[in-house]
Amino acid sequence: MNSVDVSDLPVEDGVREVLRKRGIVTLNPVQSEAIEKGLLEGKRLLLTSPTGSGKTLIAELGIISHLRRGGARAIYVTPLRALTSEKYNTFKDWELLNFKVGITSGDYDTDDAFLSRYDIVVTTYEKLDSLWRHGPKWLKEADYFVLDEFHYLNDGKRGPVVESVAVRAKRRNLLALSATISNSRDIASWLNAEPVTTNWRPVPLKEGILVADKRIAVTYSDGTSVQLKGTDGILAYTRKVVGEGGQVLVFRNSRKMAETTAWKIAELEFNLKKKEIEELASRLEEVEDAGSSEKSDLIELLRKGVAFHHAGLSKGLRDVIEDGFRRRLIKVITATPTLAAGVNLPARAVVVGDIYRFNRKILGYQEEISVMEYKQMSGRAGRPGFDSEGEAVIVVRNKRDAERVAKKYILSPPEPLESKLGNESAFYSFLLGLASEDATEESVRSMTNEVFLDKEIVKTYVENGILWLRENGFFGEGVKLTKFGRKVADLYINPFTAKTIKDVLSMSGPENCDIPYLHMLALTPDGPLASIGKAEEEDLLDSSPCATFMEVPDEEEEAYQYFSALKIALVVHDWIEEVEEDAILSKYGLGSGDLRSIVETMDWLTYSGYQVSLALDWESHAEIMLKLNKRVSDGVKEELLDLVRVPGVGRKRGRLLYENGLRKPEDLIMDPGKVKSLLGDKIGERIVKEAARIIGGVL
DNA sequence: GGTTGGTTATTTTAGACAGCATGTC
DNA sequence: CTAAAATAACCAACC
């Protein structure tokens with residue numbers, strides 16, 4: 001059986017109907033193989049295959065057949081919120097068969113109860129890990145787990161959460177989906193699943209090495225080669241592909257490089273659909289959460305058919321760019337690795353511009369990217385339905401590198417997946433999570449035997465961890481959580497974050513300034529990172545309105561982290577002092593996406609600081625952090641807190657209304673005319689309505 | 001004295017998950 | 001341990 005015909009599938013007509021609507025007549029070889037291996041009978045599988053080989057459909061068929069066999073609920077887990085909503089939208093198709101699909105992640109609500117209405121719930125690893133600590137009934141009923149992008153197990157930061165989710169999902173039925181890995185047998189046997197490995201792709205991939213030495217040439221792994229004209233390899237190659245009607249995705253190892261590469265490519269002349277591009281440009285101009293210089297740069301590039309794409313850009317900007325590329329208006333995107341791991345955005349050709357990446361931990365040391373990372377990037381090559389063949393090229397400096405690089409990235413299998421649970425921070429957090437759902441020490445210990453990490457190492461971490469959690473007040477008797485421990489588990493903060501908050505606040509009286517609190521929170525393991533320059537450190541100290549709880553450390557690495565946290569504190573301080581967004585961005589050299597993510601994290605941490613203080617009965621600290629949290633959420637001074645409760649009123653409109661004498665939601669209702677004159681008829685009316693609603697319809 | 005232009009030394013460097021409260025999922 | 005580009009600093013020639 002090589003490719004199963006949909007009409008031959010042993011499924012109900014409704015399933016065939018959904019597939020037919022999507023235009024699927026025949027299942028591809030990967031999908032067919034999964035079915036052959038027992039997918040529809042609920043067989044546990046670990047499926048490893050290249051990006052874009054149709055794994056999502058396999059998961060859908062697995063889920064539907066599971067539910068039809070009498071399964072209670074299926075959970076689909078991904079590592080990214082963007083993927084979660086992408087899958088959610090896809091799965092909506094199954095509502096045709098009356099399956100209810102729900103979604104939850106940090107982007108959405110936290111009210112778990114309503115999730116019991118759904119047959120399929122799409123979520124992230126962290127969210128699921130967090131939900132498990134509360135143990136809602138609907139989650140206990142869940143009996144089928146799809147673990148998507150399972151190779152995230154290998155990620156230093158996120159991997160431990162993937163592992164901890166897998167440990168629990170293992171007790172139920174599961175389906176794990178992963179990019180190609182070299183130890184799928186080991187992983188599969190750990191998951192009690194059968195490994196299914198294929199290398200099939202929807203569009204064949206041609207891989208090559210681009211040497212930009214004296215002459216520019218691409219040497220493909222099939223032995224063929226092409227000479228290109230010019231001095232810059234990336235430019236020459238891009239010109240060729242776009243000239244032949246294709247699109248190119250160029251990956252670079254820094255934001256700056258992505259941007260300068262974009263400007264260079266913009267000097268090439270492409271054939272463009274001017275009218276549509278202008279429409280796209282005006283859509284980009286309308287994006288609200290972006291900086292003005294980001295917009296003007298991108299619009300200028302857009303008119304040349306080029307855009308850059310990295311995490312410094314806000315979600316809104318990235319959405320417009322991705323859409324423009326999908327519609328083939330944008331010919332070239334130059335990007336950092338964001339685009340390799342995120343949503344599906346294929347191009348005819350992928351250029352891997354750098355195989356080295358800076359590693360802060362060892363000064364001056366350049367790490368070579370992993371084979372897996374290369375596969376993630378090259379896997380974006382080839383648009384199904386548009387390109388008969390995808391092409392990925394790696395840029396190297398000279399002939400000598402070419403051979404070595406080709407051997408490593410094109411001809412060798414990717415690295416094996418390893419457990420990343422082997423550190424105190426990750427393991428103690430894992431232990432706290434286990435204890436919070438299952439209170440006996442014996443059951444916690446037995447669960448720790450289910451991890452992928454080496455058993456001898458596990459033993460040590462379990463003993464030390466239980467001791468540490470007890471000594472630091474998370475556990476009381478056995479592994480029973482204290483009030484403090486319970487709170488920390490619920491907040492989903494790292495136990496070391498909680499310990500920092502506890503230790504620092506226990507030694508300090510309440511401070512009449514935001515900075516020490518923000519700095520302390522930013523300095524925890526959960527705090528956001530800011531890159532700081534050598535010359536920046538002194539400025540930071542000078543511009544801080546007051547002192548931090550701690551002194552500047554002597555040791556270099558610690559001092560760096562101190563200053564990084566100080567920068568975060570100052571950024572957030574400006575944010576809640578209502579400094580203009582553009583001013584914050586240029587003052588600190590941030591992108592709109594950076595600011596968003598800093599605020600988001602500090603929002604969560606200030607709330608956590610507030611809750612931890614409450615749990616420890618430190619009321620004066622708690623009061624300060626509650627106020628801080630509310631101000632961080634909306635980016636306003638205290639006096640605006642009442643106004644911004646009204647949906648649609650943020651820091652800008654709030655300030656405008658306030659300065660014009662409208663200081664409470666009630667004031668808006670009393671003088672709707674003034675609101676409309678300040679904000680415009682349409683928005684004004686909506687806001688007055690919202691104001692009326694939140695104060696309970698009192699008019 | 002100030003500007004310009006070229007060379008050398010120094011500096012910089014990817015990403016993105018989580019709580020809660022309300023009211024669309 | 002396996003880098004490369006941007007930028008700052010420096011210096012000499014010139015108006």
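We name chains A, B, ... by the order of the sequence lines, and we start the count at 1 in each one. Scope of the values below: all heavy atoms of this structure, side chains included, with no hydrogens, waters or symmetry mates.
- Among B/dA16, B/dG19, B/dA18, the nucleotide with an atom closest to any side-chain atom of A/L491 is B/dG19.
- Contact check for A/L518 versus A/L628: side-chain heavy atoms found under the 4.5 Å cut-off.
- The side chain of A/D603 approaches B/dG19 more closely than any other nucleotide in the set B/dG19, B/dC25, B/dG15.
- Distance from the side chain of A/I694 is smallest for B/dG23 among the nucleotides B/dA14, C/dA4, B/dG23.
- The residue A/S130 sits close only to the backbone: its heavy atoms come under 4.0 Å of sugar-phosphate atoms, none of a base.
- Nucleotide B/dA16 is matched to nothing when pairs are restricted to Watson-Crick or G-U wobble geometry with both distances under 3.5 angstrom.
- Using a 30° and 60° split on the angle between ring planes, A/H621 and A/W618 fall in the perpendicular class, above 60°.
- An OP1 or OP2 oxygen of B/dT13 is reached within less than 4.0 angstrom by a side-chain nitrogen or oxygen of A/S531.
- When distances are taken from the side chain of A/Y118 to each of C/dA4, B/dC25, B/dT22, the shortest belongs to B/dC25.
- Between A/K487 and A/S597, the one whose closest nucleotide on DNA chain B sits nearer the 5' end is A/S597.
- Among the atoms of the strands shown, only primed sugar atoms or phosphate atoms (P, OP1, OP2) are found under 4.0 Å from some heavy atom of A/L80.
- Residue A/T124 has no polar side-chain atom (N or O) positioned under 4.0 Å from OP1 or OP2 of B/dC17.
- Taking only side-chain nitrogens and oxygens, A/K256 comes nearer than 4.0 Å to OP1 or OP2 of C/dT7.
- An OP1 or OP2 oxygen of B/dA18 is reached within less than 4.0 angstrom by no side-chain nitrogen or oxygen of A/T601.
- Nucleotide B/dG23 forms no Watson-Crick or G-U wobble pair with any nucleotide shown, as no partner meets the under 3.5 Å limit on both distances.
- Within the 4.0 angstrom heavy-atom criterion, only backbone atoms of the sugar-phosphate kind lie near A/G106; the bases stay farther away.
- Both tests pass for A/R651 against the ring of A/W575: distance under 6.0 Å to the centre and angle within 45° of the axis.
- Among B/dC17, B/dA18, B/dG15, the nucleotide with an atom closest to any side-chain atom of A/R158 is B/dC17.
- Of the side-chain N and O atoms in A/R81, one or more sit less than 4.0 angstrom from OP1 or OP2 of B/dA18.
- Contact annotation for A/G533: backbone-only contact, meaning every heavy-atom pair under 4.0 Å involves sugar-phosphate atoms and none involves a base.
- Listed nucleotides: B/dG15, B/dA16, B/dA18. Nearest to the side chain of A/D155: B/dG15.
- Side-chain N/O atoms of A/S370 and A/E373 include a donor and acceptor closer than 3.5 Å.
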message = Only Watson-Crick and G-U wobble pairs with both distances less than 3.5 Å should count. Give DNA chain C in dot-bracket notation, marking inter-strand partners with |.
response = ..|||||||||||||
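- When distances are taken from the side chain of A/K534 to each of B/dG23, C/dA3, B/dT12, the shortest belongs to B/dT12.
- With B/dA14, B/dT12, B/dG19 as the candidates, the nucleotide lying closest to the side chain of A/N629 is B/dG19.
- Taking side-chain N and O atoms only, A/K127 has a distance below 4.0 Å to OP1 or OP2 of B/dG19.
- Proximity note for A/R397 (side chain, C-beta onward) versus B/dA18, C/dA3, B/dC25: the nearest is C/dA3.
- Distance noted for atom C1' between B/dA14 and C/dA3: 16 Å (whole Å).
- Look at OH on A/Y108: it is 16 Å from C1' on B/dA18, rounded to the nearest Å.
- Picking from B/dA18, B/dT13, B/dC20 the nucleotide with the shortest atom distance to the side chain of A/Y607 gives B/dC20.
- The aromatic rings of A/F474 and A/F484 are tilted relative to each other, their planes meeting at an angle between 30° and 60°.
- Residue contacts for A/P528: at a heavy-atom cut-off of 4.0 Å it reaches no nucleic acid atom on any strand shown.
- Heavy-atom distances to DNA chain C give each of A/Y356 and A/M257 a nearest nucleotide, and the one nearer the 5′ end belongs to A/Y356.
- For A/R255 and B/dG15, the shortest distance from a side-chain N or O to OP1 or OP2 is below 4.0 Å.
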